[in-house]
Every structure is written in structure tokens, then in C-alpha cells.
There are 2 protein chains.
Amino acid sequence: MDYTTNYAAAKHLVAVDCIVFGFDNEDLKILLVRRPIEPQKGDWSLMGGFVQQGESLDDASKRVLYTLTGLTDVYLEQLYTFGDVHRDPVDRVISVAYYALIKINDYDREIVRRNGAQWFKVSNYPRLIFDHDQMVQTAISKLRRKCRTQPIGFELLPEKFTIPQLQSLYEAILMQPLDKRNFRKKILSMNLLDKLDEKDKENSKKGAYLYRFNREKYETLTSNGFSFEI
Amino acid sequence: MDYTTNYAAAKHLVAVDCIVFGFDNEDLKILLVRRPIEPQKGDWSLMGGFVQQGESLDDASKRVLYTLTGLTDVYLEQLYTFGDVHRDPVDRVISVAYYALIKINDYDREIVRRNGAQWFKVSNYPRLIFDHDQMVQTAISKLRRKCRTQPIGFELLPEKFTIPQLQSLYEAILMQPLDKRNFRKKILSMNLLDKLDEKDKENSKKGAYLYRFNREKYETLTSNGFSFEI
DNA sequence: CCAAAAGTGTTCATCGTACACCCATGT
DNA sequence: ACATGGGTGTACGATGAACACTTTTGG
């Protein structure tokens with residue numbers, strides 16, 4: 001620290017903004033809310049809130065997410081801090097962006113409705129206030145990179161899922177079709193999925209076997225030098 | 001933003017701290033300074049400073065780096081924001097960490113000396129104040145990951161460098177020996193380096209050809225779908 | 001019976017990896 | 001002449017990519 005500058009230095013408003021991702025078996029989506037105050041009242045925006053005294057950044061992001069979705073224990077990771085002086089035209093606000101991966105049917109619909117929140121495809125969402133577009137784009141890039149080397153995709157699926165479901169998730173995130181034989185071979189060869197005896201018949205007449213991600217196996221393999229890769 | 005909380009929300013001290021990396025043809029190093037004030041006066045620490053009113057985070061990091069090294073136009077990238085409430089035991093300070101990659105002989109020795117700064121191997125540096133150790137570790141991980149897929153290693157070398165120099169840089173960052181034939185094959189096959197007619201005779205009797213990284217070629221290839229990989 | 005999605009193997013090209021010797025030169 | 005670091009090629013195994021048909025069953 002440059003303590004030649006003393007502790008009477010400038011203080012700043014610090015906010016957290018959350019990019020909330022979900023997957024509905026078709027598209028990768030983000031959850032947006034309408035800005036409740038002027039200026040730009042009614043415009044679409046990310047969910048955010050100010051960091052309180054005595055509240056860590058991680059805690060602030062959890063609080064904001066809980067307020068919006070009623071969810072706790074979700075995958076939540078810091079993304080980037082946006083600090084341009086005029087990014088908020090009213091006041092100078094430094095914003096720490098977080099992104100969350102949630103199982104789209106787990107959130108509390110009531111709370112979401114009350115907040116006027118809505119899901120949008122990442123391929124087609126409305127213009128957002130301030131630099132929130134940039135936040136979303138940054139989050140998508142990060143997710144796209146990270147999902148190839150870390151088993152975070154499972155955070156977007158229910159506990160039990162089928163291989164075709166998992167594949168279409170990856171196709172949605174990566175925005176490219178994948179070969180189903182190669183995908184299946186790859187993912188199963190890692191021995192991270194437990195095959196269940198149940199089938200999911202929602203999406204086909206034949207039905208597809210359900211699988212579950214085995215985190216213990218993942219931890220064990222990882223500590224032995226294994227690295228996840230799609 | 002959660003504007004149900006109003007703009008009279010809590011304000012915070014915001015600092016930037018810089019992890020400055022250098023390479024001396026032997027080891028990957030970081031630049032540390034001695035904390036000039038109590039508490040923990042004289043302990044080793046990263047270089048940092050408070051973000052001013054009307055100053056963006058990027059600008060603040062550039063200023064801090066300039067103050068320490070006299071350098072402008074260096075590779076500088078935001079790393080992570082550390083926001084635990086008690087990370088600084090005196091006051092609550094949110095710190096945005098940046099990391100810089102500099103050509104170790106380019107910095108202004110005089111300014112560095114005046115700041116009491118010193119280079120340490122990343123493999124053996126003193127205990128740092130607060131959570132600065134964690135910042136350094138986070139930076140090393142990021143550098144290690146990023147140098148494999150982006151041509152950022154060159155930021156740590158002089159304009160003109162030899163293949164063995166480049167190789168030992170990667171060995172230092174990745175902390176593993178690399179096969180010299182494979183390394184040379186790989187790096188030259190990307191066609192990103194211009195071979196010069198000069199040789200560097202500092203490190204061997206035979207002398208090694210100097211090369212220069214060609215950023216234009218990199219941009220062109222990248223826009224055609226090429227991706228750098230070591 | 002047929003439409004729609006699930007499931008299954010092989011071939012080929014490419015890439016990463018392992019590995020040993022000669023070269024040029026300063027001392 | 002010799003020690004030191006620079007420079008070069010090949011063979012093998014592993015991995016990624018391309019590709020088509022059969023199975024199941026609800027309507």
C-alpha cells in the first residue's frame with residue numbers, strides 16, 4: 001500500500017452486480033430485472049446492491065442473489081471489477097460483478113415475480129443500463145472458457161440429468177454443435193458420472209438414462225493429477 | 001442495482017495493489033516494498049495505493065506502478081478484488097489487485113531504490129502483510145494458466161530474445177522442464193517470431209539467434225481463428 | 001407403422017512426447 | 001582440445017474428428 005497517501009483518502013460507493021445464468025434444456029439464459037428508479041427507470045439491468053459496512057464482497061453478492069431468487073448455496077464466483085469513473089452517470093460507483101450458475105427450476109418463482117425479473121436468452125436480450133452489457137459479455141466469455149476445464153456445467157442442470165441434456169447444455173454455452181458419439185465417449189471416459197437405473201422420458205419416447213455427477217470421484221481424480229476437459 | 005437501498009449507502013476505502021513480475025533469465029521474480037508505516041512497519045508488502053476521486057481503477061493501478069517503477073506502457077491486468085472486512089486490521093479497505101509484466105531491466109533503478117523495493121524469486125519470498133500472499137499466489141496461478149494460451153510471456157523478455165531464453169522463461173513460470181526440441185518446434189511452427197540476423201553471445205560461446213515477437217502476425221492469425229498454445 | 005430421439009464403434013489424421021548427436025566458439 | 005550451450009529429426013502412442021445405422025416406444 002502506498003501509505004504516503006493517508007487513511008483520509010477518498011471513499012467510494014461499492015456495489016455488486018450479479019449475472020445469473022440458467023439453462024432450460026434449450027438455451028442458456030440470464031435473469032434480468034427492471035430498474036426501479038430514475039434515471040432509466042424501467043430499463044433492464046442486472047440485479048445488484050451496495051456493499052454494506054461490515055459486509056464482505058462475497059457476502060454482499062450472496063445477499064443480492066438471495067434477495068432476487070431466494071436461493072442460497074449456489075455457485076457464485078467473482079468475475080471482474082468495473083471502476084470507470086462515469087460508468088454510473090449519477091454517482092461514482094465501483095461495481096464488483098459476480099456470476100451465478102443456478103438450476104433454473106430451483107429458484108423461488110414467487111420472489112422472482114415480485115422483483116419483476118425475467119429470463120432472457122443470452123443470444124437475444126434487451127439493452128441494459130450502464131456497462132451491464134459488458135458485464136454480461138465478460139461473464140459469457142468466462143463461462144465459455146471455464147466450462148471446458150472445470151466441471152461447472154453441472155451447476156446448471158438438475159441433480160439427475162441425461163447425456164443428451166448435458167450435451168445440449170455445452171452446445172448452448174459454446175454456441176456450436178457437438179458430435180454426440182464423441183461427446184458421450186469423452187464425458188463417460190472420465191468416470192465422473194454415475195449411471196442411474198431410471199430413465200427420463202420427458203424428451204423422447206425411448207427415454208434416456210439419468211446420470212449424476214459424482215463430486216467425490218472428481219476430487220479424488222483431481223488430487224491425482226487428473227484434469228477435466230471437454 | 002438494488003436501488004431500494006439508496007445512494008446514501010456506505011462508502012469504502014478502495015485500494016489497488018500491484019503484483020509486479022519480472023524475469024532475469026533465471027527465475028520468475030516479484031517486486032516488493034517495505035511498508036513505511038505502522039502497524040507492521042518495515043514488513044514486506046505489495047506496492048499499492050488508494051483509488052482517488054475521479055480516478056478509474058485502471059488509472060489508479062497505472063499510477064501506482066508508475067510511482068514504483070517509473071514505467072508507463074506496461075502489461076497490466078486486473079486480477080481479483082479482495083474484500084474481506086478484516087483483511088486490513090486497521091480500517092476496512094477493499095483492494096483491487098492488478099498484476100504487471102515488465103521487462104526487468106527497463107524499470108527505473110533510481111525510483112525503485114528510492115522506494116526500497118527489491119526483487120524476490122516467486123519460489124522464495126518473505127512473508128507479506130495482510131492477504132498479500134494470497135494475492136501473489138492468485139497472480140502466479142493466473143499467469144501460469146494464461147501464458148499457455150496467450151502470448152504474454154514476451155512482455156517479460158526484451159524486444160529481442162533467443163529461443164533458449166524464451167524456453168527458460170516458460171520453465172520458470174510453469175515450474176517444469178521442457179524438452180528443447182519440442183519447445184522450439186512448437187513455438188517456431190506458429191510463425192509468430194521473426195528471426196533476426198544477430199546472435200546473442202552473452203550466454204554461450206556459440207551464440208544463439210535473436211528473435212522478435214511479431215504482434216501484427218499474431219493479430220492476423222488470431223482473427224483467422226488461430227489460437228496460441230504452448 | 002412411423003416419427004423422433006437414444007445409443008453405439010471404427011477409421012484416420014493430427015499432435016504431443018520421448019529421445020541422442022553434432023556444431024560453433026571462447027578459453 | 002575441451003567444455004559449454006545451441007541447434008536439429010524421427011518414431012510411436014494418444015487423442016480429437018468424422019461418420020451411419022439400429023433401438024425403443026408413444027402416438
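Atom set for the values below is all heavy atoms of this structure, side chains included, hydrogens, waters and symmetry mates excluded.
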Protein proximity profile, nucleotides 19-27 of chain C - base contact B, sugar-phosphate-only contact S, no contact -, cut-off 4.0 Å on heavy atoms: BB--BBBB-
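By the neighbour-count criterion of 12 heavy atoms within 6.0 Å, atom CD of B:Gln176 is densely surrounded, having more than that number from other residues, nucleotides or ligands. Heavy atoms from other residues, nucleotides or ligands lying under 6.0 Å from NZ of B:Lys121 number 12 at most. Atom OH of A:Tyr66 has 12 or fewer neighbouring heavy atoms from other residues, nucleotides or ligands inside a 6.0 Å radius. Counted within 6.0 Å of CG on A:Asp73, heavy atoms from surrounding residues, nucleotides or ligands total 12 or fewer; the atom is thus considered open. Other residues, nucleotides and ligands contribute at most 12 non-hydrogen atoms within 6.0 Å of the CD atom of B:Glu159.
Rounded to whole Å, the distance from CD on A:Gln165 to P on C:dA5 is 14 Å. Distance CE (B:Met190) to C1' (C:dC15): 13 Å, rounded to an integer number of Å. Rounded to whole Å, the distance from CZ on A:Phe183 to P on C:dG7 is 12 Å. Atom CD1 of A:Ile187 and atom P of C:dT8 are 15 Å apart (whole Å). As rounded to whole Å, 18 Å separates atom P of C:dA5 from atom CG of A:Leu178.
Taking the centre of each ring, B:Tyr209 and B:Tyr211 stay at or above the 6.0 Å mark.
Put simply, chain A comes within 4.0 Å of DNA chain D, heavy atom to any atom, from D:dG16 to D:dG26, going 5' to 3'.
Under the side-chain contact (heavy atoms from CB on, under 4.5 Å) rule, A:Leu31 has a single partner from A:Thr69, A:Ile104, A:Asn115, A:Leu65, which is A:Thr69.
Using cut-offs of 30° and 60° on the angle between ring planes, the pair B:Phe21 and B:Tyr99 is perpendicular.
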